[in-house]
Amino acid sequence: LTLQGLIDSTAPLVRSVNSYAATSDGQLSEGETAALGITQLLVAFNEFVLDPAGNSAPDDVPNPAAYGLVTPGDNGTFQTMDCGAPGGDDSPVPITAVAYSTQTRTATLDLNHRATLLNNSYRLLACGSGAAGVRDLSGNPLDGDGNGHAGGTFKRDFAVNFVKTISGSVRTTTGAPLPGATFLDLPGAPLVGADGSYSAAVGFGSSGAITPQAAGWSFTPATVPFTNLQNDKTQNFTAQAIGGLFSDVQLVGGKVRASV
């Protein structure tokens with residue numbers, strides 16, 4: 001057995017990618033759309049990688065510079081192919097801290113101080129070369145592209161479609177439901193049901209307004225704005241007949257009809 005036979009020349013690989021909150025199968029696959037709030041990404045390697053003291057050495061797995069996360073620009077196409085500055089009109093998402101577990105050989109990336117990712121497309125990069133990159137204990141750079149040669153950049157494209165619910169009720173001053181009233185400014189323009197309730201799925205971080213509409217009726221409140229929606233929201237409305245002419249409501253052909 002020669003000394004050469006003891007030298008490890010096999011580059012490490014990314015074994016899997018997951019997120020927190022975790023996907024249902026424990027994997028954030030290529031091209032997957034995650035319907036959940038993601039604040040961290042977990043990059044697992046197939047072998048132990050270098051983790052010297054501190055988090056700033058070029059070959060230190062917890063060095064945030066060894067990773068990247070970008071969103072595409074107005075053209076909707078990723079132009080960032082390697083680590084470093086984003087390509088084209090891609091925009092970076094800050095990776096503010098990285099923790100490494102030797103037990104699971106996993107790097108956990110904090111995204112923008114653990115702020116929940118907004119609905120968008122994303123490209124994750126793990127660096128195998130450049131100013132900072134992941135290396136195994138023998139110094140072999142990450143084979144990110146899996147071509148059998150050390151030094152490639154790992155890329156994982158995914159999307160987030162995380163929704164929150166805006167719901168509530170619309171009732172008259174006597175407590176009767178106002179079925180058929182609508183919210184044209186909410187996704188899907190939801191109608192108020194026979195029980196007076198309404199519901200709409202709205203993208204996480206969205207801004208807009210909740211404004212009920214029905215011919216012959218005014219509402220209190222008239223409209224309710226929302227900005228950077230982070231949680232489910234309940235908003236109820238009271239309907240008043242304009243001029244006090246109506247005494248009852250009914251739903252005919254999917255539309256509100258008021259009785260004198």
Side-chain angles (χ1 to χ4, degrees), residues 1-23 26-30 34 36-71 78 80-87 90-117 122-158 160:
L1 184 65
T2 64
L3 181 61
Q4 184 175 3
L6 297 175
I7 297 175
D8 173 15
S9 60
T10 302
L13 299 167
V14 171
R15 186 180 76 243
S16 65
V17 175
N18 197 7
S19 62
Y20 182 82
T23 59
Q27 300 273 345
L28 187 59
S29 304
E30 176 69 23
L36 42 79
I38 294 177
T39 61
Q40 295 174 305
L41 291 173
L42 286 68
V43 181
F45 302 98
N46 70 331
E47 60 173 295
F48 294 107
V49 292
L50 285 173
D51 182 21
N55 296 326
S56 59
D59 54 1
D60 193 355
V61 65
N63 185 347
Y67 309 89
L69 185 67
V70 298
T71 60
F78 287 111
T80 303
M81 304 304 294
D82 292 301
C83 293
D90 291 356
S91 297
V93 177
I95 296 173
T96 48
V98 179
Y100 177 64
S101 168
T102 55
Q103 281 189 316
T104 60
R105 302 193 294 274
T106 299
T108 299
L109 285 54
D110 287 359
L111 310 176
N112 194 18
H113 302 284
R114 300 192 188 181
T116 303
L117 291 181
Y122 294 89
R123 170 168 286 177
L124 167 69
L125 304 104
C127 313
S129 58
V134 177
R135 295 175 180 266
D136 66 14
L137 302 185
S138 297
N140 298 305
L142 179 72
D143 177 10
D145 51 16
N147 67 354
H149 300 286
T153 298
F154 173 84
K155 295 185 286 292
R156 174 60 47 88
D157 294 352
F158 65 97
V160 174

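In this text, all values refer to a predicted model and were calculated from it rather than measured experimentally.
- A donor-acceptor pair under 3.5 Å is formed between the side chain of Thr96 and the backbone N or O of His113.
- When all heavy atoms of Gly148 and Asp143 are compared, the pair lying nearest together is N-OD2, 2.9 Å.
- One finds the CD1 atom of Ile38 at 6.0 Å from the CG atom of Leu117 (value rounded to the nearest 0.5 Å).
- The line from CG of Leu142 to CG of Asn46 is 8.5 Å long, rounded to the nearest 0.5 Å.
- The environment of Arg15 atom CZ is dense: over 12 non-hydrogen atoms of other residues, nucleotides or ligands sit within 6.0 angstrom.
- For Phe78, there are no ring pair (Phe, Tyr, Trp, His ring centres under 6.0 Å) partners at least two apart in sequence or on another chain.
- Across all non-hydrogen atoms, the minimal contact from Asp136 to Thr10 is OD2-O, 3.1 Å.
- For Cys83 against Ala126, the heavy-atom pair with the smallest separation is SG-C, 4.0 Å.
- Judged as a ring pair (Phe, Tyr, Trp, His ring centres under 6.0 Å), and not counting sequence neighbours, Phe45 has no contacts.
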>> Test side-chain contact (heavy atoms from CB on, under 4.5 Å) on Leu124 and Val43; report intermediate values, then the result.
In response: CA-CA 10 Å; Leu124 167 69; Val43 181; 4.0 Å; yes
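- Looking at Leu28 and Tyr122, their side chains never come closer than 4.5 Å, going by heavy atoms from C-beta outward.
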> Yes or no on side-chain contact (heavy atoms from CB on, under 4.5 Å) for Met81 and Lys155, after CA distance, side-chain angles and deciding distance?
Replying inline: CA-CA 8 Å; Met81 304 304 294; Lys155 295 185 286 292; 4.0 Å; yes
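- Interatomic distance, CZ of Phe154 versus CG of Leu13, reported as 10.0 Å (0.5 Å rounding).
- With Asp60 as the fixed residue, the side chain to side chain contact (heavy atoms under 4.5 Å, CB included) test singles out one of Val49, Leu50, Asp51: Asp51.
- Note that CZ of Arg114 is 6.5 Å distant from OG1 of Thr39, once rounded to the nearest 0.5 Å.
- For Tyr67 (side chain) and Pro62 (main-chain N/O), no donor-acceptor pair under 3.5 Å exists by modelled atom type.
- The two residues Cys127 and Ala132 have their closest heavy-atom pair at CB-O, 3.3 Å.
- Checked by atom type and distance alone, the side chain of Asn140 pairs as donor or acceptor with a backbone atom of Asp8 at under 3.5 Å.
- When atom types are taken as modelled, the side chain of Thr80 and the backbone of Gly87 share a donor-acceptor pair closer than 3.5 angstrom.
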> What's the verdict on side-chain contact (heavy atoms from CB on, under 4.5 Å) for Tyr100 and Arg105, showing C-alpha distance, side-chain angles and the deciding distance?
Replying inline: CA-CA 7 Å; Tyr100 177 64; Arg105 302 193 294 274; 3.9 Å; yes
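- Residues Val98 and Asn55 fail the side-chain proximity criterion, which asks for heavy atoms closer than 4.5 Å.
- Considering all non-hydrogen atoms of both residues, Pro12 and Glu47 come closest at CA-OE2, 3.4 Å.
- In this structure, Ile95 CD1 and Gln40 CD are separated by 12.0 Å, a value rounded to the nearest 0.5 Å.
- Note that CG of Asn18 is 9.0 Å distant from OG of Ser29, once rounded to the nearest 0.5 Å.
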>> Please evaluate residues Glu30 and Arg156 with respect to the criterion side-chain contact (heavy atoms from CB on, under 4.5 Å), reporting the C-alpha separation (whole Å), side-chain torsions for both, the decisive distance (0.1 Å), and the verdict.
In response: CA-CA 6 Å; Glu30 176 69 23; Arg156 174 60 47 88; 3.5 Å; yes
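- Closest of all the heavy-atom pairs between Gly37 and Thr116 is CA-CG2, 3.6 Å.
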